[in-house]
Student: 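Got a structure for you, written out below as structure tokens; questions coming shortly.
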Amino acid sequence: MESKKRKLITLDEFTIQETRQFPNATGELSSLLRDIALACKIINKQVNKAGLVDILGKHGATNVQGEEQMKLDIFANDTLINVLQNSAECAGIASEENDEFLAFDDPYSVQSKYVVLFDPLDGSSNIDVNASIGTIFSIYRRVSPLGSPCTEADFLQEGSRLMAAGYVIYGSSTMLVYATKLGVNGFTLEGSIGEFCLSHPNLQCPEKGKIYSLNQGNSNKYEQGVRNFLEYCMEENKEEGRPYSHRYIGSMVADLHRTLIKGGIFMYPGDKKNVNGKLRLQYECNPMAFIVEAAGGIADFGNGRILDIMPKELHQRTPIFIGSKQLVSKALSFVTEKASV
Ligand code: P6P
């Protein structure tokens, strides 16, 4: 008997089904997710043909992080802002590429319940070498009163207050992965119909993993505990299933996606020069921590949960140790990260 063909479930259908589990849900969060997905489909189109149109290369400016901006960074940032400004569900945005947050002050936006933070094109230094890059987003419910423009306090909430967080990875396929308190689900873009379709339901981060991922080039700058953990990973120890494998793409979305699917640990520790490391709390670490914890993993800054950090400023950084419960716990047993977060 022919096996029953699994029906394609689109992101829209899935979010509407998820909404039905909350009796008093209004569908606003689902609508906002669909808007973000639309922006990422537009970005995907440009990323996929970056080699063919004059959109590669440097934009000639630097962003608030002091990083050289690539033209695709600017395109992605502008696309997300434009789509969200026209969304009926977003009161304002904060972007890793912008110094300040942006409050939308039209009559519809000031009534919106949510604000969105994003890293529009994470890993953009990999654009020219065709390595996977991604968009990372976070959705908070506002703490400021509806009816007036959103305020900075809306964007400085700890990660444990996130309503949803996710990323789109522009890789061998284009995938959207997002988490709510209900769990983590992955959707693959089906180009022929232009829809993200459910491909990875109920994603779980493997409890154990054999891959450790960090920039080994910084090893001499890491505190002794991190270096001891690296020694541990490289020691021969058959009964514990070691040695591990080292993988590092240098694009957080790609390294994190592999960690989520295959297990292991991704780390960007602090070092003597940068005690808080390189990665941004609000645009990279909190959304990824929310996703990995929702999938059963751990996300820590060395002395506590990433999601418990009370943000003080929009662009603050934090060390991060994230991934499989077993391997992250092992790393933390070596590390006494003295982050000043
Ligand atoms: P490094 C990309 O620039 C990024 O922000 C993350 O995507 C990535 O994990 C990290 O920086 C790579 O940094 O210092 O190893 O090049």
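Both ligands and their constituent atoms are indexed starting at 1 by order of listing.
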Student: Numbering the atoms of ligand 1 from 1, which are under 4.0 Å from a heavy atom of S251?
Tutor: 7 (O)

Student: Show which side-chain atoms of residues 85-95 pair as donor or acceptor with protein atoms under 3.5 Å away, not counting sequence neighbours.
Tutor:
{"unit_1": "N86", "atom_1": "ND2", "unit_2": "N82", "atom_2": "O", "d": "2.9"}
{"unit_1": "S87", "atom_1": "OG", "unit_2": "D35", "atom_2": "OD2", "d": "2.7"}
{"unit_1": "S87", "atom_1": "OG", "unit_2": "E89", "atom_2": "N", "d": "2.9"}
{"unit_1": "S95", "atom_1": "OG", "unit_2": "N77", "atom_2": "OD1", "d": "2.6"}
{"unit_1": "S95", "atom_1": "OG", "unit_2": "E97", "atom_2": "N", "d": "3.0"}

Student: Are the side chain of R142 and the backbone of S112 linked by a donor-acceptor contact shorter than 3.5 Å?
Tutor: yes

Student: I'd like to check which ligand 1 atoms, numbered from 1 as shown, lie under 4.0 Å from a non-hydrogen atom of K278.
Tutor: 1 (P), 3 (O), 10 (C), 11 (O), 12 (C), 13 (O), 14 (O), 16 (O)

Student: Evaluate the side-chain hydrogen bond (donor to acceptor under 3.5 Å, both in side chains) criterion for residues Q17 and R20: first the C-alpha distance (whole Å), next the side-chain angles of each, then the deciding distance (0.1 Å), finally the verdict.
Tutor: CA-CA 5 Å; Q17 286 168 14; R20 288 197 184 120; over 6 Å; no

Student: In Å and rounded to the nearest 0.5 Å, what is the CG to CD1 distance from L256 to I261?
Tutor: 10.5 Å

Student: If we only count heavy atoms from C-beta on, is the Y222 to N228 side-chain gap below 4.5 Å?
Tutor: no

Student: Would N218 count as being in polar contact with ligand 1, using the rule that some N or O on each side must be under 3.5 angstrom apart?
Tutor: no

Student: When only distance counts, is M252 in polar contact with ligand 1, meaning an N/O pair under 3.5 Å?
Tutor: yes

Student: Check the hydrophobic clustering (I, L, V, M, F, W, Y; side-chain heavy atoms under 4.5 Å; chains of links allowed) and say if I139 and L84 are grouped together.
Tutor: yes

Student: Measure the distances from the heavy atoms of D122 to every atom of ligand 1 and state whether one is below 4.0 angstrom.
Tutor: yes

Student: Going by the rule side-chain contact (heavy atoms from CB on, under 4.5 Å), which residues pair with L11 if we only count those two or more places apart in sequence or in a different chain?
Tutor: T15, A37, L176, Y178, F187, F196

Student: Give the atom numbers and elements of ligand 1 that come within less than 4.0 Å of a heavy atom of N215.
Tutor: 1 (P), 14 (O), 15 (O)

Student: If you count the atoms of ligand 1 from 1 in the order shown, which ones are under 4.0 Å from a heavy atom of R280?
Tutor: 5 (O)

Student: For ligand 1, which atoms, with element, lie under 4.0 Å from some heavy atom of E284?
Tutor: 5 (O)

Student: Short list, please: which atoms of ligand 1 are under 4.0 Å from a heavy atom of Y248?
Tutor: 1 (P), 12 (C), 13 (O), 15 (O)

